[in-house]
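Working notes, structure below.
Nothing fancy with the numbering, it's 1 onward along the sequence.
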Amino acid sequence: MEIFRVNGGARLVGDVYVSGAKNSSLKLMAVALLATGKTVIRSVPDIVDVTIMSELLRRLGCEVEYDANTEIVTITVPESITHRADYDLVRRMRASIAVLGPLIARTGEADVALPGGDNIGSRGLDMHIAGLERMGCSVTSEHGYLVVHAPAGGLVGTHVYLDFPSVGATETLLMAGVLANGTTVIDNAAREPEIVDICTMLVEMGAHIDGIGSSMLTVTGVDVLHPVDHTTVPDRIVAGTWAVAAAITQGEIAIHNARVNNLSLVLEKITAAGAQVTEIADGISISMDRRPTAVDIVTLPYPGFPTDLQPQFIAMNAIAEGSALVTENLFEARFRFVQELSRLGAEVRTDGHHALVRGRTKLSSAPVESTDIRAGAGLVLAALVADGETTVHGIEHIDRGYVKFEEQLRRLGADITRDVIADLV
Ligand code: EPU
């Protein structure tokens, strides 16, 4: 079992380079299924989830090569692909559901294992299913699999209203719509930069999509798409995590390959906390010369504040001057990590989807457990400002979203090591 050992107290100073977004790359790999031939995707981060998605695509019949040095994935898709996403892969990575849309569009059927809940909540698929049904599909659940059949003449374009701008449901319907008969309108669509990235790649492949970046996407189906060479949008959540790392340690970090436009509200909050944000040629520089001021946040779909940066901001608020109210509107179980943060001395009270954080002048080291990717990042950030040595367990979660996190932190001056310890069971 691997853990991080973090000795708090260092001021982080230096440069970091952000890779492509995990939550875009994985979906772009699924998008590749929509065209026969060789697709190249660049700036794909070297994380375990990319390995899982590669394996999933191989089982569907593709050849997949990933080069961690160049961060390039090459996917060769045959004329005919299979249509089953097995439970052993889906249970390891919920994003496997991204193949649902392409499979139904390409083969007219899909058997995709139901992902079930995870550490951040129940995470339904009802909007994916309702949308596909409106496009004429029959959808049943059999033996833990979602079994979907398109109508004999192919998917039928239609108007779909999403109850909530779900990232996953928007992606499924986009990928189904691009090869459907007629026009599919996705109303109340998600507007995340990763959705824009997927739309951009689809358009490069020959898809017709209007309203990209808005909450109404109009997709006019085409007969065939062709493979392309595409570069993934930078990871705004990783960039935001580095911004908090600079602020919480009163340091100065130049974050390269970050898009200011995709981080507007996050940078606004970091500025409100007292940091100086400066645009640099290929990103942003964050510097902080005092204890942060507590900032209220409310998580919402983009362009609202991202839920994937909520734990990192709670960590910053935990050592800030003043109190902050944090409201989580996306994932009901995302406050689970607060209990771990409390082990470091943080003063946080939760009530339903609200958390009241009272800033302390210092945190004190303890063993803690990460429950998901972002909780893990939040705990490491808190450990950077805790007295003494904190051991962070469950770091396999962190490895799913951050490329060699501890090496990058060490280069900035943090005292952090990855150790292997014996597992008791
Ligand atoms: N929801 C439903 N029914 C549906 C779809 C969603 O009830 O049919 C609910 C979910 O249960 C959840 C909320 O709607 O409460 C948001 O779900 P959404 O579909 O928007 O999110 P997702 O596609 O499951 C992606 C990211 C998450 C990120 C969210 C929100 C990937 C692989 N995951 O999840 O990223 O938090 O969008 O931005 O793209 C992470 O990277 O740590 C992470 C969890």
Measure the spacing between [atom1] of [X] and [atom2] of [Y] and express it to the nearest 0.5 Å.
| X | Y | atom1 | atom2 | value |
| --- | --- | --- | --- | --- |
| Glu396 | Ile373 | CD | CD1 | 11.0 Å |
| Ile421 | Ile3 | CD1 | CD1 | 4.5 Å |
| Met316 | Thr249 | CE | OG1 | 11.5 Å |
| Ser370 | His393 | OG | NE2 | 9.5 Å |
| Ser25 | Asp235 | OG | CG | 8.0 Å |
| Arg343 | Thr390 | CZ | OG1 | 10.0 Å |

Candidate pair Val167 and Asn23, rule side-chain contact (heavy atoms from CB on, under 4.5 Å), full reasoning:
CA-CA 10 Å; Val167 168; Asn23 289 345; over 6 Å; no
Those residues that, when tested against [X], pass side-chain contact (heavy atoms from CB on, under 4.5 Å) (two or more places apart):
| X | value |
| --- | --- |
| Tyr87 | Arg91, Ala113, Tyr145 |
| Thr158 | Arg134, Met135, Val160 |
| Thr271 | Val277 |
| Gln339 | none |

Strictly distance-based, threshold 3.5 Å: is any side-chain N or O of [X] a donor or acceptor partner for the main-chain N or O of [Y]?
| X | Y | answer |
| --- | --- | --- |
| Arg11 | Gln250 | yes |
| Thr172 | His128 | no |
| Tyr66 | Val44 | yes |
| Asn317 | Val295 | yes |
| Thr299 | Pro306 | no |
| Asp86 | Leu89 | no |
| Asn257 | Pro234 | no |

Identified side chain to side chain donor-acceptor pair (under 3.5 Å) counterpart of Arg5 within the set Thr417, Thr391, Asp419
Asp419
Short N-O contact, [X] and [Y], less than 4.0 angstrom:
| X | Y | value |
| --- | --- | --- |
| Glu328 | Arg334 | no |
| Asp372 | Arg400 | no |
| Arg418 | Asp399 | yes |

Could you pull out the closest heavy-atom pair between [X] and [Y], with the gap in Å?
| X | Y | answer |
| --- | --- | --- |
| Leu132 | Leu173 | N-CD2, 3.8 Å |
| Thr241 | Ala377 | CG2-CB, 4.2 Å |
| Ala315 | Gly378 | CB-O, 3.4 Å |
| Ala110 | Leu103 | CB-CB, 3.9 Å |

Any pair with a residue in [range] that passes salt bridge (charged side-chain N to carboxylate O under 4.0 Å, His left out), sequence neighbours left out, goes on the list, sorted by first then second residue, please.
| range | result |
| --- | --- |
| residues 279-296 | none |
| residues 313-324 | none |
| residues 164-175 | Lys27-Glu171 |
| residues 349-367 | Glu347-Arg358, Lys362-Asp387 |

Sorted by first residue and then second, give each ring pair (Phe, Tyr, Trp, His ring centres under 6.0 Å) pair with at least one member in residues 240-296; sequence neighbours left out.
Trp242-Phe405
Above 12 or not: heavy atoms from other molecules or residues under 6.0 Å from CD of Glu65?
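At most 12 heavy atoms, drawn from other residues, nucleotides or ligands, come within 6.0 Å of this atom.
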May I ask you to test the [X]-[Y] pair for a side-chain heavy-atom distance under 4.5 Å?
| X | Y | value |
| --- | --- | --- |
| Leu412 | Ile253 | yes |
| Asn329 | His353 | yes |
| Pro165 | Thr170 | no |
| Lys22 | Asp49 | yes |
| Ile237 | Tyr402 | yes |

Determine, stepwise, if the pair Glu340 / Thr371 fulfils side chain to side chain donor-acceptor pair (under 3.5 Å).
CA-CA 9 Å; Glu340 296 299 310; Thr371 44; over 6 Å; no
Suppose we screen for salt bridge (Lys or Arg N to Asp or Glu O under 4.0 Å). Which residues come up paired with Asp88, at least two apart in sequence or across chains?
Arg59
Show me the donor-acceptor pairs, under 3.5 Å and distance only, between side chains in residues 186-210 and residues at least two apart or in other chains.
unit_1	atom_1	unit_2	atom_2	d
Asp187	OD2	His159	NE2	2.9
Asn188	ND2	Leu162	O	2.9
Glu192	OE2	Tyr302	N	3.0
Glu194	OE1	Arg236	NE	3.3
Glu194	OE1	Arg236	NH2	2.9
Glu194	OE2	Arg236	NE	2.8
Asp197	OD1	His230	NE2	2.8
Asp197	OD2	Ser24	OG	2.7
Asp197	OD2	Val233	N	2.9
Thr200	OG1	Val196	O	2.7
Glu204	OE1	His230	ND1	2.7
Glu204	OE2	His230	ND1	3.4

Show the atom names and distances, to 0.1 Å, of all donor-acceptor pairs under 3.5 Å that link a side chain in residues 260-268 to residues at least two apart or in another chain.
unit_1	atom_1	unit_2	atom_2	d
Ser264	OG	Asn261	O	3.2

For Thr327 and His354, test the side chains for any donor-to-acceptor distance below 3.5 angstrom and give the result as yes or no.
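Present: a donor and an acceptor within the cut-off.
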